[in-house]
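All ligand and atom numbering here is 1-based and tracks the order in the structure.
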Amino acid sequence: MITHEEARARILESVSKLEPRSFDRLDALGLVLADDVDSNEDVPPFANTAMDGYAVRAADTRGASEDSPARLRVVGELAAGYAPSTAVGSGEAIRIMTGAPVPEGADAIVMVERTATDDDHVLVMREAESGDHIRPTGGDLRAGQRVFDAGTVLGPASVGVLASLDVARVSAYPRARVGVMSTGDELVESGPLAAGQIRDSNRPMLLSLVADAGCEPVDLGVARDDEQYIVSTIEAGLETCDAILTSGGVSMGEYDFVKLGLRRLSAERPGVEFQWWQVKIKPAKPLVFGTLEGKPVFGLPGNPVSSSVSFELFARPALRTMMGHRDPLRPVVVAVADHAMPRRADGKVYLERVRVRYEDGRFHASRSGDQSSNVLSAMAAANGLTLIPDGEGVPAGGDLPVMLLT
Ligand code: AMP
Ligand code: MG
């Protein structure tokens, strides 16, 4: 038996980052930068107004108030997108709209709300200070400065920043291509079920988990319980994929052919080494992991909840590491248990499916449904997995560690 932390550490040690590639910035959302990005320009490129109002000389508004406004002559109007054609002289103002460049001579903007019009003049009701409501050149980013370090995960705002700098392409770690295969003679994709058959829920689920992790899913289909077929599908998959996930066939049954097939490969081929772990967790105890030609292969358990939990604990962090993420793990928070979560002291960590919400300044969690390892509907209703340590469990109101799945 091995703890899940130990199993995960061994997995993470044996995977490496994919080769970086150049991406159009719009295709780089969610990817990790492989190189630093420096700014070539100032953002904003010119000093401009943050408000609709009047560009003035602050000195001209000295002592201005509602009772004794400063009266300035309006000598022009300037909208965003246009260069100023007139300067603001002493005793003058220019009507100006948000985003327009600050005209020469002006050193402050007075909000339109603090003014009144008076023929071709404006009455300023409040003193302005030099710099008021002016966004200076380079106030966001300066030409030559570091904008993003290598290792940055590009979010939507990062893509916007790249656009503000006219950076069209970036070097980033690509999405891992991940092949997904189900195994089991009982599995049917759709249509009527004969006696003993069930539908294949794991493959669509795992393909979705893979996509949700930012990877590119590749459907390798359903394999019958046939050792040779399973092994050759994995090998064929690895010709185009960076990693493979299988489900089913890894426990102690007579027909657990994923385990048997990978065991045979390990024995036959130099450099191929698979691990058959019994992980100290409930659910998802059995796990097969190894690398083939340097590419990770995960034999996930067949029970749908176990398959999903195993993906979250082991495959997702490995795939995220391959895609350059420095912190590939889901966040863990401490929630208040809405009800008692008793358990047996059996040396395992219990990963119960829970619904987490934030209320009154704390996270709270309650079970999302039946906790059997085949009840996928409770997994679908969950947004967290508990990490209940060995012992008696957690009483109602007690501290419950929860890994957030969103
Ligand atoms: P196994 O590990 O292959 O013995 O499978 C364990 C349990 O999970 C059995 O009840 C299987 O029928 C079920 N199972 C295996 N693969 C799938 C799948 N792709 N979709 C739904 N259930 C599955
Ligand atoms: Mg099976």
Around [X], counting heavy atoms of other residues, nucleotides and ligands shown, do more than 12 lie under 6.0 Å from its [atom1]?
{"X": "Glu66", "atom1": "CD", "answer": "no"}
{"X": "Arg126", "atom1": "CZ", "answer": "no"}
{"X": "Arg73", "atom1": "CZ", "answer": "no"}

(message) Can you tell me how the ring of Phe257 sits relative to the ring of Tyr255, calling it parallel under 30°, perpendicular over 60° and tilted otherwise?
(response) perpendicular
(message) Angle between ring planes, Phe289 versus Phe298, binned at 30° and 60°: parallel, tilted or perpendicular?
(response) tilted
(message) Assess, by modelled atom type and distance only, whether the side chains of Ser130 and Asp107 contain a donor and an acceptor separated by less than 3.5 Å.
(response) yes
Can a non-hydrogen atom of [X] be found less than 4.0 Å from any atom of ligand 1?
{"X": "Gly253", "result": "no"}
{"X": "Gly184", "result": "no"}
{"X": "Arg199", "result": "yes"}

Distance filter under 4.0 Å to [X] heavy atoms, resulting ligand 1 atoms:
{"X": "Pro304", "result": "21 (C), 22 (N)"}
{"X": "Ser251", "result": "2 (O)"}
{"X": "Ser182", "result": "19 (N)"}
{"X": "Gly249", "result": "1 (P), 2 (O), 3 (O)"}
{"X": "Ser247", "result": "19 (N)"}

Considering heavy atoms of the protein only, find what lies nearest to [atom] and give residue, atom and distance to 0.1 Å.
{"atom": "atom 10 (O) of ligand 1", "answer": "Asn303 OD1, 4.1 Å"}
{"atom": "atom 4 (O) of ligand 1", "answer": "Asp256 OD1, 3.8 Å"}
{"atom": "atom 5 (O) of ligand 1", "answer": "Gly302 CA, 3.7 Å"}
{"atom": "atom 19 (N) of ligand 1", "answer": "Asp200 OD1, 2.7 Å"}
{"atom": "atom 20 (N) of ligand 1", "answer": "Ser201 N, 3.1 Å"}

Euclidean distance, [Y] [atom2] relative to [X] [atom1], rounded to 0.5 Å:
{"X": "Met181", "Y": "Tyr229", "atom1": "CE", "atom2": "OH", "value": "8.5 Å"}
{"X": "Lys285", "Y": "Met252", "atom1": "NZ", "atom2": "CE", "value": "6.0 Å"}
{"X": "Leu260", "Y": "Leu265", "atom1": "CG", "atom2": "CG", "value": "12.0 Å"}
{"X": "Ile281", "Y": "Lys348", "atom1": "CD1", "atom2": "NZ", "value": "9.0 Å"}

(request) Only pairs at least two apart or in different chains count here, so list each salt bridge (Lys or Arg N to Asp or Glu O under 4.0 Å) that has a residue in residues 164-181. (result) Arg177-Glu216
(message) Among Ile198, Asn202, Asp185, which one puts a heavy atom closest to atom 17 (C) of ligand 1?
(response) Asn202
Please work out, at 4.0 Å between heavy atoms, whether the side chain, the backbone, both, or neither of [X] comes within that distance of ligand 1.
{"X": "Pro286", "result": "neither"}
{"X": "Pro301", "result": "neither"}
{"X": "Leu187", "result": "side chain"}

(request) Give yes if a backbone or side-chain nitrogen or oxygen of Glu186 is under 3.5 Å from a nitrogen or oxygen of ligand 1, and no if not. (result) yes
